[in-house]
Student: 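What follows is a structure written as structure tokens; I'll ask about it next.
As a basis for the values below, the full set of heavy atoms in this structure was taken, side chains included, without hydrogen atoms, waters or symmetry mates. Chain A is the first sequence line, chain B the second, and so forth, proteins listed ahead of strands; every chain is numbered from 1.
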There are 2 protein chains.
Amino acid sequence: MNSETYQLDETDRRILLALDNDPRVPIMMLAQQLGLARGTVQTRLERLAHSGALRPNTARILPSSMGRGVSAFVSAELNQSSLNEAIDALRRIPEVLECVAPAGETDLLIRVSATDPDDLYRVSEEIRLCPGITRTSTSMILRDVIPYRTTALLSKLSGTKN
Amino acid sequence: MNSETYQLDETDRRILLALDNDPRVPIMMLAQQLGLARGTVQTRLERLAHSGALRPNTARILPSSMGRGVSAFVSAELNQSSLNEAIDALRRIPEVLECVAPAGETDLLIRVSATDPDDLYRVSEEIRLCPGITRTSTSMILRDVIPYRTTALLSKLSGTKN
DNA sequence: GGCATGGCTGGTCATTTTGACTAAAATCCT
DNA sequence: AGGATTTTAGTCAAAATGACCAGCCATGCC
């Protein structure tokens, strides 16, 4: 179910783009707006929901609306042997919004959010204390220049066979 | 409309958490599941939609489902005077999914996605050629350890006054 | 060529949901 | 305490939903 990710086709993309503003528009509106039969849209929506191609809905929530006005990237080096413990520990910190493993010197790049600089300090301390983490370096995000988006990619793909 | 971000309250958070799996559940189900009146949920949903607290729906789409299996962070240094031109140029590259300005040596941290390493090279070239960008350094994301989430934060807040 | 498959269409049906609107009760704020 | 705001619980007509269906058209396979 997770081995090969579901690939969106042109119709999926059109539906998703049409849902961009309001994910709750009635299926019939979608259908006529896209020139599809209602049943088709209904089927696609159902399929999409189970496809694993979408993050959970709460991934749409901006940290700032939860009183977390301060964001930062924490890069961490770690004791390679205890990677999994470190990840588990990180997962248990609510302020850890995201974590990736990049190639290069830093082993983990962690995105955190906090209420204020003081709180940010607390969170990065908490990260530093995770088992297996040997060194961290925090850099605050000064500005959210382009917020996460896929719209441009979606549109680019549109008009292509696949 | 953008100066002060809307702050979610406890009810908003409960609604959003309940919507996490399926953003299209009927309002009545939500209402009875949460022990609220239908009208309340209806009002909150409408308010939420206009609050600016949520990213567009397409932000839920995983790049992998668009045939973009390769992700990377590109850090860029730039000629400070032409910041805005650089940003505009970046915005016009569909593969640029996100961009933040962190404190520290790198001026911009850019998240990109590509179909394969070759394509990634092409994209980073395209970034390097943006006006005002003087130097870039690309590091591929080997693993998506914790995908973007706010659920933990939402739950943490629950049970608090605000 | 002939056939099965899968997806889309356009139609039906009974049931449920929606949006808009009440008035009254509860809650919040100062 | 008093006013403002929110929530409740109720109504209504109109619309959407989910679950069907048979027909049609591509596609791929033997």
Student: Could you please name the option among dT8(D), dA16(D), dG19(C) that lies closest to any side-chain atom of Q42(B)?
Tutor: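 Selected nucleotide (nearest to the side chain): dG19(C).
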Student: If I take atom CG from residue L19(B) and atom CG from residue N57(A), how far apart are they, to the nearest 0.5 angstrom?
Tutor: 5.5 Å
Student: Pick the nucleotide of DNA chain C nearest each of R24(A) and A37(A); which residue has the one closer to the 5' end?
Tutor: A37(A)
Student: Rounding to an integer number of Å, can you tell me how far R47(A) CZ sits from dG7(C) C1'?
Tutor: 8 Å
Student: Examine R60(B) relative to Y148(B) and say whether NZ or CZ is less than 6.0 Å from the centre of the six-membered ring and inside a 45° cone about the ring axis.
Tutor: no
Student: So, the side chain of T136(B) versus the backbone of V74(B): is there a donor-acceptor pair under 3.5 Å, distance only?
Tutor: no
Student: Measure from CD1 on I15(A) to C1' on dC8(C) and round the result to the nearest Å.
Tutor: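 My rounded result for the distance is 12 Å.
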Student: When the distance from CG of L48(A) to P of dG7(C) is rounded to whole Å, what number comes out?
Tutor: 13 Å
Student: Base of dG19(C), side chain of R38(B) - is there a donor-acceptor contact under 3.5 Å?
Tutor: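 By the distance-only test, yes, there is a pair.
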Student: For the side chain of I27(A), counting heavy atoms from C-beta on, which of dG18(D), dT9(C), dT6(D) is nearest?
Tutor: dG18(D)
Student: Is there a side-chain contact between R44(A) and the phosphate of dG7(C), meaning an N or O under 4.0 Å from OP1 or OP2?
Tutor: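 Result: no.
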Student: Need to verify one output field. Residue with the more 5' nearest nucleotide on DNA chain D, G39(A) or M28(A)?
Tutor: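 Per heavy-atom nearest nucleotide, the more 5' residue is M28(A).
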Student: Send over the distance from D12(A) CG to dC8(C) P, rounded to a whole Å.
Tutor: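 Nearest whole value for this atom pair: 9 Å.
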Student: CG of L36(B) versus P of dA25(C): gap in Å, rounded?
Tutor: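 Checked: the CG to P distance equals 20 Å.
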Student: When you measure from the side chain of R149(B) to the backbone of V96(A), do you find a donor-acceptor pair of N or O atoms at a distance under 3.5 Å?
Tutor: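 It does hold such a pair.
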Student: Over how many whole Å does the gap from E10(A) atom CD to dC8(C) atom P extend?
Tutor: 12 Å
Student: Could you give the distance from OG (S124(B)) to CD (E95(B)), rounded to the nearest 0.5 Å?
Tutor: 11.0 Å
Student: Nearest nucleotide by nearest heavy atom, which residue falls closer to the 5' end of DNA chain C, G35(A) or E46(B)?
Tutor: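 The residue mapped nearer the 5' terminus is G35(A).
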Student: Can you tell me how far P of dT18(C) sits from CD of Q32(B), to the nearest Å?
Tutor: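 Spelled out: CD on Q32(B) to P on dT18(C) is 12 Å.
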